[in-house]
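A short write-up of the structure that comes next.
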Amino acid sequence: MKRIRKLWGWLALLVVGVTLIGTGWATHQAAVARAVPHRTKILFWHEMTGPAQQELLRLVQGFNRSQTTYQVVPEFEGNYNEAVQKVIDTHGTTASPAVFQSMDISTSQLAHTGNITPVQKYIDEDHYDLKQIAPGARAFYANRGVQLSMPFNTSQPVLYYNATLLKKYHITPPPVAPTYQDITRVATQLTDRSHHKVQGMTVEIYGWLFEQFLANSGEELANQHDGHTGTPTEVNFTSPGALTAMHWIQTNLQRGIFVNYGAGANAQSNETASFLSGRLGMFLQSSALIGQLTTGNPDRLGISDYPHPVGKRANGVAIGGASLWLSNDKSAHVQRGAWDFIKYLMTAKSQAAWQVATGYLALNQRSAQTPALRALFRKLPATRVPGNQLRATAPNQTNSGIFLQGLIQERNLTQTAMEQIYQGADPRRALSTAQRAMTSYVQNNNRANGYQK
Amino acid sequence: MEMTHKPFPSPTKAKSVAKERPRGFNGHRHDKYVAAAFLGPSLVVLGIFVFYPMLKTLYLSLFLTNNVGRPTVFVGLKNYGTLLASSAYRASFQATLIYVFSVVVLTLTVGVLLAQAAVQKLAGIRWFRTIFSATMGVSVSVAAIFWLFIFSPSVGLLDQLAASLHLPVINWLTTPGWAMVAIIVSTVWMNLGFTFLILFGALQMVPTTLYDAAAVEGASPRYQFLHVTLPMISPTLFFTATVTLIGAFKSFGLIDLMTAGGPNNATNLMVYQVYRDAFLTGNYGQASAESMILAVVIAGLTWVQFKFLEKRVTYE
Amino acid sequence: MMQINNRHLIWRYLGLGLLALLILGPFILGVWTSLLPTAEIAKGALIGGPVSLANYGAAVHQTAILRYLLNSLVIATLTTIAQVLLCSLGAYAFVFLTFKGREALFYVILATMMLPFEAEVIPNFATARQFNLLNHYAILVLPFLTSAFGIFMLRQAFRQIPGELKEAADIEGLNPWQFYWHVVLPYARISLVTLAAYSFLGSWNQYLWPMLTTFSDRFRPVQDGLRQLQSQETFNNWGMIQASAVIVVLPTLIVLFVGQHFFKTGLNQGATKS
């Protein structure tokens, strides 16, 4: 009996203690996290992490201070893959966002759900000058002349190298538009001359990078010209461009000049950490990493275009990143507020600050004239590379994204195939398996949505 | 046991109640209304959140679902056929079996070891008993974070130890086999507190007279363990095995935090596969078929194991 | 017991010590790294660096960790109260009331123990969505208001109550609620506390369901809060993450050590009687 009383005593103490801490914190945070009473709450879902999240929150604060009608409430919703389905699953409930960030490859799917208000509606109402937004990025999120969503964080896949290390070991840096062979050379020299202290290179196991190998080789991943001329009914993961790239990686792995960091968020933070500490020489990644790779990095950062196969011209890569969408399950007033917020994020000043802090490209054409961006280009000329790569790309059907629903599945499957290839599996076999699974998925999906019998 | 509450209300009050309500046998006539009132809430909750969803899952598993999750095309058992034909799904099933089996065996073995160590009569043994039960207070995400650090490349403890001893550095979470080892080890560690508490309790209940008798006959400690201890705690071992088995089949949190099903789907266990197909790619029909398979496996195993072991355990 | 000489004793303590290290190792490492600056951890310098509570300050100020704790506390407390109440009412019906189909109904409830909640998340999510309960405490509590395990466990406990008590109560003319409230509950107090402890821990450890149904820090419980912290860190900020994990593990460890006795009793009742 005594023990019981003692127990309840402890429990009560614990409950009271934690409650006090908790409520104390809750009241402290209330001002930041919750909507102010006389303002309309605009729920905003995003998937930004690290420095990009910090900058985005700063921009949100800026918007909230800039007017008194709306209060944008940001919520981090995990990675890109998780967020798409969350948006679809919550549509029509009070939990759903008014404005949300969703990745490039979800465009076709979101457009088809009928859950969104195309930003075109407000562009027309406000006579918003769409021309100020970079055409390459804008086209990616438009369909038949209607702007579905607003491109926001836009990046290009690029090759990063540690210029200081290359100089130290007397290695000629890779050219601006390198071939696979160029990269192999640098990786081999780095590994050999540093006596394996520096790992030559890596390519994260990431479906996005796989897609870019195809894009830069000028090959289609889905039929109907990557979905630009109709609903795709099958996919092709085993084109020469895909096989060449995978063989290239596998050979370099076997030679010991390539390190496998795996897949997922951990892989990216691990390869970044290794690169910053001078243990990794080169890697392919989003230009959005520039911010992280330049702050506090004692070594000079080198940037080149995404590599292409030997003997072929680079076809150019598609943009990556995400755009901002409006949900149609909110009142007109809320949607208007969400649109005002989007406009705020797209101003020349916001976009310049965004590029400086993150490495995502400033999409407002007038950002280039802002002092912030000019200072950045002066200080780190290499940061011009991704923008130049985007401008140098002549848009065609293989480098403007894939208009196919279920691309998350495509990424899962190609990533699995990449993992198998990195572990030594035959590229053609691994990719054929993934291709069959994806084609069957596409056909089922077409049937379920009534596009195809 | 003493009661602090007065067990009965005052007689006068009781009498007034008695007048209104028929007693004894007659009282049973009303039992069904009382039972309805007492059991009703539980039945409603179980009905809405356990029985209905099971039927609904079965229903959904027979359809293709469109991009907003509605079942649109009836396909019969095709979703199941697709799964059985898919090498990826078979691999997921196989990985689950390997994981579950290893977790159950290791948890029980180490659990018995801990319990045996803790029944010794030594000074300060209470401290060890408390320590051995500690992981029961560890939730899944805490366990995942602790172990994630241990297994993490370059900064993690294991890689640092390996480097300082000039052993080859293992990429724990990015090599298929080792990633499986990593999540098994983490799961077993997390299970140990609970397992220890039960097994320790069971060992304490074994009458010391049995050991004394065995000792008189000159039985070795090994013989005592195999012929006295094990038979005596076998009902408890059976209970623990079942609980651990079912828990392992349902594993999700550790996988999600440590490996996200990778590398190369090596740790893509059944529940994780359901999550992926339903909540990442919106393929609800297929995910429902996977859920049904999972449910049948768990229900079946629980039942079979129960029936099978029931006959073999010794009840005193 | 046989006589133990000193050398044996050393070996025994050594064995115990090794086992204790196996269990405590990850805790110690977690607590230790939570005291180190992340820069030191990243360099792999786990010893010799400066030690401070800075990571705890960062966790409390920069993250919503305390809010997560509060959410978990609310959810677990509500779940616990509801489970103890509904399970005991249900168990009462199975032990003290006679009605048609009692046995069959009991087996139906037992059968729910075989149906894994993990396999039912798709329709349950749809239900939550339909009733607009997503991202709210309600949906984190409602599915767990009762449990087949709880009913089963309390039924076992209530069966230990002597038949004379029931007869006496009938003679006294107690109605079922009075008998339940004034006799049964106090009698089975230990089992109730055990069930409460289980419900609390079970709710506290929920991971998948809250992950699917919460979308903001206002309602996100602590397990998913840690997931949230981990996925937001692009530069594995190990020091702060470990500090958050330690903050999260402390309350349950305290509950465990204080309530150890009850866990043992309850567990062994469940184990020997199943």
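Numbered from 1 within each chain, the chains take letters A, B, ... in sequence-line order. In what follows, every heavy atom counts, from backbone to side chain, and hydrogens, waters and symmetry copies are set aside.
The only member of C:Leu145, C:Leu86, C:Ile109 that meets side-chain contact (heavy atoms from CB on, under 4.5 Å) when paired with B:Leu46 is C:Ile109. The residue from C:Phe99, C:Phe179, C:Tyr180 that alone fulfils the ring-ring contact (aromatic ring centres under 6.0 Å, His included) condition with B:Phe38 is C:Tyr180.
If you take CH2 on C:Trp204 and OG on B:Ser139, they are separated by 8.5 Å, rounding to the nearest 0.5 Å. A distance of 6.0 Å separates CD1 of C:Ile122 from CZ of B:Phe279, quoted to the nearest 0.5 Å.
In this structure, the portions of B:Leu257 lying under 4.5 Å from any heavy atom of chain C include both its backbone and its side chain. No part of B:Val296 comes within reach of chain C, as not one of its non-hydrogen atoms sits under 4.5 angstrom from that chain. Heavy-atom distances place both the backbone and the side chain of C:Val121 under 4.5 Å from chain B. Of the atoms belonging to C:Leu19, heavy atoms from both backbone and side chain fall under 4.5 Å from chain B. Neither the backbone nor the side chain of C:Ser244 has a heavy atom closer than 4.5 Å to any heavy atom of chain B. Contact annotation for C:Trp177: both backbone and side-chain heavy atoms come within less than 4.5 Å of a heavy atom of chain B. Contacts of B:Ala123 with chain C are made by both backbone and side-chain atoms, with heavy-atom separations under 4.5 Å. Looking at B:Leu148, the atoms closer than 4.5 Å to chain C (heavy atoms on both sides) sit in the backbone and in the side chain alike. Neither the backbone nor the side chain of C:Leu185 comes within contact range of chain B, judged by heavy atoms closer than 4.5 Å. Contacts of B:Ile145 with chain C are made by both backbone and side-chain atoms, with heavy-atom separations under 4.5 Å. For B:Leu55, no part lies under 4.5 angstrom from a heavy atom of chain C. Only the side chain of C:Leu212 comes within contact range of chain B, with at least one heavy atom under 4.5 Å from a heavy atom of that chain.
B:Leu39 and C:Gly90 make their closest contact through CD2-CA, 3.7 Å (heavy atoms, listed as atom of the first residue, atom of the second, distance). Taking both residues in full, the closest heavy atoms of B:Val142 and C:Ala245 are given as CG2-O, 3.7 Å, listed atom of the first, atom of the second, then distance. For the residue pair C:Met114 and B:Ala299, the shortest heavy atom distance occurs at CE-O, 3.0 Å. Here the closest non-hydrogen pair linking B:Val140 and C:Gln223 is N-OE1, 4.1 Å. Residues C:Pro26 and B:Trp147 share a closest heavy-atom pair of CG-CZ2, 3.5 Å. Here the closest heavy-atom approach between residue B:Ser291 and residue C:Ala119 is recorded as CB-O, 3.2 Å.
When each of B:Tyr211, B:Tyr59, B:Tyr284 is checked for heavy-atom pairs under 4.5 Å with chain C, B:Tyr284 comes out on top. With respect to chain C, the highest number of heavy-atom pairs below 4.5 Å among B:Pro41, B:Ala134, B:Ala37, B:Ala144 belongs to B:Ala134. The most heavy-atom pairs under 4.5 Å with chain C, out of B:Leu294, B:Leu114, B:Val50, come from B:Val50. Chosen from B:Leu113, B:Val138, B:Val274, the residue pairing most often with chain C at heavy-atom distances under 4.5 Å is B:Val138. With respect to chain C, the highest number of heavy-atom pairs below 4.5 Å among B:Leu192, B:Ile298, B:Asp256 belongs to B:Asp256.
A heavy-atom distance below 4.5 Å is not found between the side chains of B:Val34 and C:Asn175. Put simply, the side chain of C:Glu118 does not reach to within 4.5 Å of the side chain of B:Phe252, judged on heavy atoms. A heavy-atom distance below 4.5 Å is found between the side chains of B:Ser42 and C:Ile151. Two residues are said to be in side-chain contact when any heavy atoms from C-beta on lie closer than 4.5 Å; B:Phe146 and C:Thr33 fail this criterion. Side-chain contact between B:Gln120 and C:Leu16: present, with at least one pair of heavy atoms (C-beta onward) separated by less than 4.5 Å. Side-chain contact between B:Met136 and C:Leu201 is present, with at least one heavy-atom pair separated by less than 4.5 Å. Side-chain contact between C:Ile23 and B:Thr135 is present, with at least one heavy-atom pair separated by less than 4.5 Å. Within the 4.5 Å cutoff, side-chain heavy atoms of B:Tyr275 are placed close to those of C:Met211.
No donor-acceptor pair closer than 3.5 Å links the side chain of B:Asp31 to the backbone N or O of C:Leu97.
Between B:Phe128 and C:Tyr13, the two ring planes are tilted [angle within 30° to 60°].
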Kindly determine whether C:Ile241 and B:Phe149 satisfy side chain to side chain contact (heavy atoms under 4.5 Å, CB included), including the steps that lead there.
-> CA-CA 10 Å; C:Ile241 291 175; B:Phe149 180 73; over 6 Å; no
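Centroid-to-centroid, the aromatic rings of C:Phe27 and B:Trp189 come within less than 6.0 Å.
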